[in-house]
Amino acid sequence: MLVRENAFVTWKMLKDDKEFYYERLSVDDCLFVKPNANLKLFTGKVVTIDDFEHFHRMETDCYDVPPDTLCVIARPYKLDYEWRFVVCDGKVVTGSQYKTDGRSETSPKVDLKAQEVAERVARDPWQPDPAYVVDVAQSGDEYGLLEIGSVNCAGMYECDAAAFVTALSDLAERE
């Protein structure tokens, strides 16, 4: 994983002990917060300590985030580039760049080192599903796994649609 300094806490713990978490994990009073599950109860983002109360109230009110929702909180990183790869049956079948310096910028070209990270994830004995997406990021000279997500609700950006459809169709026929 790219992000090594993190904690898993409930939504309620995050609110109740925010000063503790900001003291230990924040950079310039900023903390990265995202739901642990693929349900995407709210969008992962960097939250300043000054904006925390508003962020927590809005996510709770708008998305009805239950207090026991497990969240990942982490020291924020500056991400230079982000790529999405589709994994099917333990193989990377397509990929696409989708961000540059935090801005949406898509390209069908993928960085070889980023693809190598995705391929390591695809070869791992533990697999979340027969098909899923792997997001890889580059921060400086470091490449790492950003997150694993459901292929059913992920944006495909400029991934090869034919390769994606063929791989999932073959999987569906076998299953």
Side-chain angles (χ1 to χ4, degrees), residues 1-9 14 21-22 24-49 51-52 55 59 70-165 167-168:
M1 297 248 344
L2 183 64
V3 179
R4 292 185 185 90
E5 297 177 74
N6 59 60
F8 292 84
V9 299
L14 177 59
Y21 299 118
Y22 272 91
R24 281 164 179 73
L25 290 173
S26 73
V27 172
D28 298 328
D29 287 334
C30 293
L31 188 67
F32 179 74
V33 182
K34 74 179 275 304
N36 184 54
N38 279 333
L39 297 175
K40 297 283 187 181
L41 290 173
F42 60 93
T43 301
K45 62 178 79 175
V46 175
V47 181
T48 67
I49 195 164
D51 291 337
F52 180 83
F55 159 76
E59 301 303 318
L70 193 58
C71 303
V72 179
I73 58 173
R75 184 175 305 277
Y77 278 73
K78 180 188 177 302
L79 303 179
D80 301 316
Y81 299 97
E82 297 174 53
W83 297 269
R84 171 149 301 151
F85 296 92
V86 176
V87 174
C88 192
D89 281 338
K91 293 183 177 70
V92 172
V93 295
T94 185
S96 168
Q97 179 185 321
Y98 65 93
K99 280 192 181 177
T100 300
D101 292 325
R103 295 180 327 273
S104 180
E105 185 175 295
T106 63
S107 169
K109 296 180 182 176
V110 296
D111 183 282
L112 185 57
K113 288 183 182 178
Q115 184 163 341
E116 288 170 359
V117 171
E119 288 171 350
R120 281 198 310 272
V121 172
R123 287 190 308 266
D124 192 89
W126 177 83
Q127 295 291 296
D129 283 307
Y132 58 95
V133 295
V134 173
D135 289 350
V136 175
Q138 178 186 358
S139 179
D141 293 335
E142 190 174 3
Y143 290 76
L145 172 64
L146 198 55
E147 71 178 324
I148 294 173
S150 171
V151 76
N152 296 322
C153 60
M156 291 293 113
Y157 306 108
E158 292 194 47
C159 288
D160 181 336
F164 172 72
V165 170
L168 289 181

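What you are looking at is a predicted structure, and each value in this text was computed from that prediction instead of being measured.
Remark: Lys91 engages no residue in a side-chain contact (heavy atoms from CB on, under 4.5 Å) (not counting sequence neighbours). Applying the side-chain contact (heavy atoms from CB on, under 4.5 Å) criterion to Ala7, with sequence neighbours excluded, gives Val9, Leu25, Ile73. Applying the side-chain hydrogen bond (donor to acceptor under 3.5 Å, both in side chains) criterion to Ser107, with sequence neighbours excluded, gives no partner residue. Under the side-chain hydrogen bond (donor to acceptor under 3.5 Å, both in side chains) criterion, Thr48 pairs with Asp51, not counting sequence neighbours. Among residues two or more places apart in sequence or in another chain, the salt bridge (Lys or Arg N to Asp or Glu O under 4.0 Å) test is passed with Glu82 by none. Residues passing the side-chain hydrogen bond (donor to acceptor under 3.5 Å, both in side chains) test with Asp80, sequence neighbours excluded: Lys78. When the side-chain hydrogen bond (donor to acceptor under 3.5 Å, both in side chains) test is applied to Asp160, no partner is found at least two apart in sequence or on another chain. Qualifying salt bridge (Lys or Arg N to Asp or Glu O under 4.0 Å) partners for Lys109, counting only residues two or more places apart in sequence or in other chains: none.
Minimum heavy-atom separation, Val133 to Ser150: CG2-O, 4.0 Å. A pairwise comparison of heavy atoms in Leu31 and Tyr22 identifies CB-CE2, 3.6 Å as the closest pair. Contact between Ile148 and Pro128 at its shortest, heavy atoms only, is CG2-CG, 3.8 Å. For the pair Gly44 and Pro35, the tightest heavy-atom approach, listed with the atom from each and the gap, is N-CD, 4.4 Å. For Gly95 against Val110, the heavy-atom pair with the smallest separation is C-CG1, 3.5 Å.
Within the 4.5 Å cutoff, the side chain of Leu14 has heavy atoms near those of the Val33 side chain. Looking only at side-chain heavy atoms (C-beta outward), Leu168 and Val86 stay at 4.5 Å or farther from each other. When side chains are defined from C-beta on, Tyr77 does not count as touching Phe32, because their heavy atoms never get closer than 4.5 Å. Counting only heavy atoms from C-beta outward, the side chains of Cys159 and Phe164 never approach each other to under 4.5 Å. A heavy-atom distance below 4.5 Å is found between the side chains of Val134 and Leu145.
Listed by first and then second residue, the salt bridge (charged side-chain N to carboxylate O under 4.0 Å, His left out) pairs that reach into residues 24-36 are Lys34-Glu147, sequence neighbours excluded. Within the structure, the ring-ring contact (aromatic ring centres under 6.0 Å, His included) test picks out the following pairs touching residues 85-104 (sequence neighbours left out): Tyr98-Tyr157. Evaluation of the salt bridge (charged side-chain N to carboxylate O under 4.0 Å, His left out) test over residues 131-140, restricted to residues two or more places apart or in two chains, returns Arg84-Asp135.
Atoms OH and CG, from Tyr81 and Asp111 in turn, are 9.0 Å apart once rounded to the nearest 0.5 Å. Note that SG of Cys30 and NZ of Lys45 are 13.0 Å apart. Values are rounded to the nearest 0.5 Å. For the atom pair CD of Glu59 and CG of Leu41, the computed distance is 10.0 Å after rounding to the nearest 0.5 Å. A distance of 8.0 Å separates CG of Leu79 from NZ of Lys99, quoted to the nearest 0.5 Å.
Ring pair Trp83/Tyr143 is parallel by interplanar angle, where below 30° counts as parallel and above 60° as perpendicular.
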Hey, can you pull the donor-acceptor pairs under 3.5 Å for the side chains in residues 112-125, sequence neighbours left out?
{"residue": "Gln115", "atom": "NE2", "partner": "Glu119", "partner atom": "OE2", "Å": "3.0"}
{"residue": "Asp124", "atom": "OD2", "partner": "Trp126", "partner atom": "N", "Å": "2.8"}

